[in-house]
Amino acid sequence: MDWVIILALICGALGVAYSLMTAGWVFKQDAGNQRMQEISGYVAEGAMAYLTRQYKVVAIIAIIMFIILIFTLGAVPAIGFIIGLVGSGLAGFLGMKVSVNANVRVAAAAGKSLPDAMNVAFKGGSVTGIVVTGLALLGVAGFFLIARAASPDPHKIFSALVALGFGSSLMSVFARVGGGIYTKAADVGADLVGKLEADLPEDDPRNAAVIADNVGDNVGDCAGMAADLYETYTVTIVAAMLLGSTIYGMNTPAFFMPLFIGGVAIIASIIGTFFVTLSRTKPEKDLYIMGALYRGMAVSGILAAIAFYFVATLLPLGAPAKGMAYVISPTNIFWMAVLGLVLTGLIVVITEYFTGFFGPVKYVAKASTTGHGTNIIAGLAISMISTVPPVLILAVSIMIGYGLGGGFSGSPGTGLYGIAVTVVSMLSMTGIVVAIDSYGPITDNAGGIAEMADLPEEVRNRTDPLDAVGNTTKAVTKGYAIGSASLAALVLFAEYTRAIEELSGKAMSFDLSNPKILIGLLIGGIIPYFFAALCMLAVGKAAGAIVDEVRRQFREIKGLREGLPGVKAEYGKCVDLVTAAAQKEMVLPSLLPVVIPLVVAFLPGLGKEALGGMLIGSIVVGLFLAIAMTTGGATWDNAKKYIEDGNYGGKGSDAHKAAVTGDTVGDPYKDTAGPALNPVIKVVNMVALLIVPYIL
């Protein structure tokens, strides 16, 4: 089966090579005039300063964890932890680096035409998307060879792969929390003073917080999302491999199939990126930008589905090694994989309905006409309703995947593996999905540069529709990330249960009459709420500091508010302020999902039963809260944009001011607390898997 490893390594390397070549093409594009390059330089400098400080903080914690893992699990798992952590961090760094170089080039391209701007923006985003999957596949396949060479013992390989996933998860939490605090503190601070107090337009250069806001788009939506989905991709493949090993045995087709699926899907995603283009013959007002992005996703999905047929044929699953007679047929394997692709499409469609310019967004916009309070009430209600369709879709998918795997035919183990294959297939689309997501912050920054550089109105008229679509794509990607994260966590929980049964030799059940299980469920439900609350409070504190700083500059810098020639805002002070605040506030919430499972596991009277209950509670509550926050926040944001397009009085109207308030509440919902819950629910599961040998 080593040929599958080699294939995965080749596909991963091709993904990285594609990203490097595309990045080179982006960097060769026109970077605009001197003023545009100056503004872009501020953003790039601020983003690099932030990531440098964040990585220093993470490095200290990583060294401590590395030492602990050496003395508890051994050198190889400790090395795997570092590889996972560095891989996740590298994915985020590369995503941010390309983004800050692409935004000014999109603004310059917008001076030519909408298709030109779209082309540069998407190619910049595709660098991040494909490199995430390429690096992740290289990391898992390459480290498996290292772990196997160190010891052929399946249990040691198991702990090494779990440590790899744990490293990527920990980095992802820090990237999501720190980047989320940064981007939303700057955004909220800029809006509160600029729009509500000073009545300034979006991205006005007189507002000292606008550069920090643009920096935040890159470190939050690019670096944070890249690290997040790198982690989800890695953890899902690792979890499916481990589950396949538990049920079928190491070095069987079930163990290697996730790598095969991931490899062929990278190639499909690369091909799909070439289909994202806009017509140069149609009038710009008639161009359907979202349709171009969806065309690339559809092509990638169709090609992946075709490839999955050959995966199912080339890696037939025999009888399970654990005494179960059910054999999953190649046809069923194929349909499991197709189910993952269908699930991706359904979540994308559902999320776009709630966050695009459809009924929910228009409802919140209309509610803004009667005041700030009704806007908040409508947004909260929509956020709650938005959890229903995706959760029902996930539930149906779990049932179908379980049934295709033979779960209802007396073989629960292979049924769980059926769910795992579905999740891996869903995550295999990460490349094209992240490409569509990273396009969003690039176009957002391009619009900001166009405004601050005082480019012609036609440029902003082209960047604005790109940005409006980008806001929806970011929401769609978050919905995809949450759905896949919850299913990945479910697979991890299944592996936790089976690992305990295998090592202890006893069956493990979760009977709700057991008080330990109930206590664990309650504690697990607390984690997402407490974590989200800490993130929201952190944004509020940092945003308050930004508000005070912008007010000070308006008060003390003569002629700034009036926009007199030669008078500039002190952008660097806002960047430094929010950078320091994000680093300070990110540590406590980021360590919560690591510490709480340890306390539950080793606290007298609780133990493995309570820990299992805690995992279930965190998955269920985390799923609902994450969907509500990310979708609701995006609904508030686009309701504001809908009014700014001239509806219900347009910019400056009372409805617009109410919508800005809703967007201010929704910002930390959708870009800080909500998406950061994705890695949280997986970190608690990874920690539980790591400590299984010590809680029996």
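What you see is a predicted model; the values in this text were computed from it and never measured. Sequence positions, counted from 1, serve as the residue numbers for this chain.
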*First locate atom CG of L94, then atom OG of S19, and finally report the distance between them rounded to the nearest 0.5 Å.*
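OG of S19 is found 8.5 Å from CG of L94.
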
*When rounded to the nearest 0.5 angstrom, what distance separates CG in L623 from CG in L487?*
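Separation between the atoms: 8.5 Å.
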
Taking [X] for the side chain and [Y] for the main chain, is one N or O donor matched with an acceptor at less than 3.5 Å?
X: S88; Y: G84; value: no
X: E495; Y: V491; value: no
X: Y248; Y: L317; value: no
X: Y233; Y: G134; value: no
X: K682; Y: N678; value: yes

*Candidate pair T273 and Y18, rule side chain to side chain donor-acceptor pair (under 3.5 Å), full reasoning*: CA-CA 11 Å; T273 62; Y18 165 86; 2.9 Å; yes

[Y] side chain reached by [X] side chain, heavy atoms, under 4.5 Å:
X: T128; Y: S99; result: no
X: I5; Y: L259; result: yes
X: I237; Y: L137; result: yes
X: V311; Y: F334; result: no
X: M65; Y: L85; result: no

*Mind checking whether F408 and Y402 have ring centres under 6.0 Å apart?*
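Yes; Y402 has its ring centre under 6.0 Å from that of F408.
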
*asked:* Before we go on, tell me: are the rings of F122 and Y439 under 6.0 Å apart, centre to centre?
replied: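 So the answer is no for these two rings.
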
_For Y480, run the side chain to side chain contact (heavy atoms under 4.5 Å, CB included) check against T232, L343, V433 and tell me which one passes._
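Of the listed residues T232, L343, V433, the side chain to side chain contact (heavy atoms under 4.5 Å, CB included) partner of Y480 is V433.
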
*Kindly check if the number of other-residue, nucleotide or ligand heavy atoms within 6.0 Å of OH (Y309) is above 12?*
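Open: at most 12 neighbouring heavy atoms sit under 6.0 Å from OH of Y309.
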
*Quick check: are there more than 12 heavy atoms from other residues, nucleotides or ligands sitting under 6.0 Å from OH of Y694?*
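Correct, the count exceeds 12.
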
